[in-house]
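Before any comments, here is the structure.
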Amino acid sequence: MNDLSLTILQETPDDVPAIEHLNARTFGPGRFAKTAYRVREEVAHIPELSFTARVGTLLVGSVRLSPILIGEAKALLLGPLTIEPPFRDRGIGQALMARALDEAKGKGHRLVVLVGDEPYYGKAGFRPIPKGQATLDGPVDPARLLVAELVPGAFDGVGGVIRPDWDAQ
Ligand SMILES: CC(C)(COP(=O)(O)OP(=O)(O)OC[C@H]1O[C@@H](n2cnc3c(N)ncnc32)[C@H](O)[C@@H]1OP(=O)(O)O)[C@@H](O)C(=O)NCCC(=O)NCCS
């Protein structure tokens with residue numbers, strides 16, 4: 001991807017239909033049953049921490065962050081991260097994620113959690129949560145429950161059930 005042709009912008013209300021269409025096409029109806037989806041369904045994502053990737057005016061990718069609690073600690077849930085199939089494997093997913101994590105850190109957030117593949121998300125600083133330290137209320141492969149510390153040591157002493165942070169809205 002030529003850097004000059006890719007822009008990453010904060011999500012706006014006008015982007016919502018295209019993002020939902022992209023996620024529906026990518027994940028299908030099965031997404032509604034996913035444990036992480038059900039957390040996100042209960043709490044709105046944070047538009048200031050959610051980003052779109054564009055090539056020209058075409059929306060080719062999206063990442064969203066939503067407010068959660070891990071036990072009593074404030075954190076963010078990353079997802080969905082989705083790139084339009086013809087634009088995959090050009091670094092757009094990692095670029096979107098780097099931007100979202102950078103903005104979150106700049107706004108004082110300390111922890112980000114997601115459910116995904118460690119070989120991919122490990123490149124962005126995520127690592128598996130030690131089994132049992134934090135849990136989602138629903139079926140999740142523990143090896144896919146990952147955390148990134150935006151501040152070194154932020155996950156020390158944190159644990160418990162991951163749930164929506166309604167107070168953050
Ligand atoms: C996963 C996804 C977001 C990656 O976006 P992308 O823009 O293609 O990713 P990047 O270009 O930043 O990185 C591509 C690299 O990651 C690798 N990769 C992609 N998905 C991977 C995965 N699930 N596990 C391990 N590696 C993966 C690619 O093979 C490629 O490797 P290379 O750099 O050695 O060639 C995109 O493929 C997508 O939208 N997939 C469908 C939705 C999805 O699965 N979302 C994530 C849920 S876990």
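Position 1 is the first residue of the sequence, and the numbers go up from there. Whatever order the structure lists them in is the order used to number ligands and atoms, beginning at 1.
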Is there a donor-acceptor contact under 3.5 Å from the side chain of [X] to the main chain of [Y]?
X: T35; Y: V140; value: no
X: E149; Y: G153; value: yes
X: R38; Y: G138; value: no

Show which atoms of ligand 1 fall inside a sub-4.0 Å distance from at least one heavy-atom site of [X].
X: D117; value: 22 (C), 23 (N), 24 (N)
X: G116; value: 48 (S)
X: G93; value: 5 (O), 6 (P), 7 (O), 12 (O)
X: R90; value: 11 (O)

For [atom], which of [options] has the closest heavy atom?
atom: atom 46 (C) of ligand 1; options: Y120, Y121, F87; result: Y121
atom: atom 38 (C) of ligand 1; options: K34, R25, R88; result: R88
atom: atom 45 (N) of ligand 1; options: L81, I83, L78, N23; result: L81
atom: atom 15 (C) of ligand 1; options: R144, Q94, K123; result: K123
atom: atom 6 (P) of ligand 1; options: L114, L96, D89; result: D89

Quick one: does ligand 1 sit under 4.0 Å from the side chain of T26, the backbone, both or neither, non-hydrogen atoms only?
side chain
Establish whether atom 4 (C) of ligand 1 and some protein heavy atom are separated by less than 4.0 angstrom.
yes
I'd like to know if atom 1 (C) of ligand 1 has any protein heavy atom within a distance of less than 4.0 Å.
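It does not: no protein heavy atom is found less than 4.0 Å away from atom 1 (C) of ligand 1.
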Starting at CG of L69, measure out to CG of L111 and round the result to the nearest 0.5 Å.
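It is 11.5 Å, given to the nearest 0.5 Å.
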Could you grab the distance from atom CZ of F155 to atom CD1 of I129, nearest 0.5 Å is fine?
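F155 atom CZ to I129 atom CD1 measures 4.0 Å (nearest 0.5 Å).
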Please walk me through it: do R25 and E84 pass salt bridge (Lys or Arg N to Asp or Glu O under 4.0 Å)?
CA-CA 9 Å; R25 276 184 288 123; E84 283 283 6; 3.0 Å; yes
Look at R163 together with D137 and state whether they make a salt bridge at an N to O cut-off of under 4.0 Å.
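Salt bridge flag = no for D137 with R163.
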Go through the steps to decide whether R64 and E11 satisfy the test salt bridge (Lys or Arg N to Asp or Glu O under 4.0 Å), and finish with yes or no.
CA-CA 9 Å; R64 286 173 161 176; E11 181 182 320; 2.9 Å; yes
What is the closest protein heavy atom to atom 11 (O) of ligand 1, and at what distance does it sit?
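For this ligand atom, the closest protein heavy atom is G91 N, 2.6 Å.
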Do me a favour and list the nearest non-hydrogen protein atom to atom 44 (O) of ligand 1 with residue, atom name and distance?
F27 CE2, 4.3 Å
Looking only at heavy atoms of M97, does any of them come nearer than 4.0 Å to an atom of ligand 1?
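Not so, M97 does not reach ligand 1.
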With a 4.5 Å limit on heavy-atom distance, are the side chains of Q94 and K123 in contact?
yes
With nothing but distance in play, are any N or O atoms of T82 less than 3.5 Å from an N or O of ligand 1?
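N/O-N/O distance below 3.5 Å does not exist for this pair.
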Test side-chain contact (heavy atoms from CB on, under 4.5 Å) applied to L59 and D15, step by step:
CA-CA 8 Å; L59 189 151; D15 296 327; 4.2 Å; yes
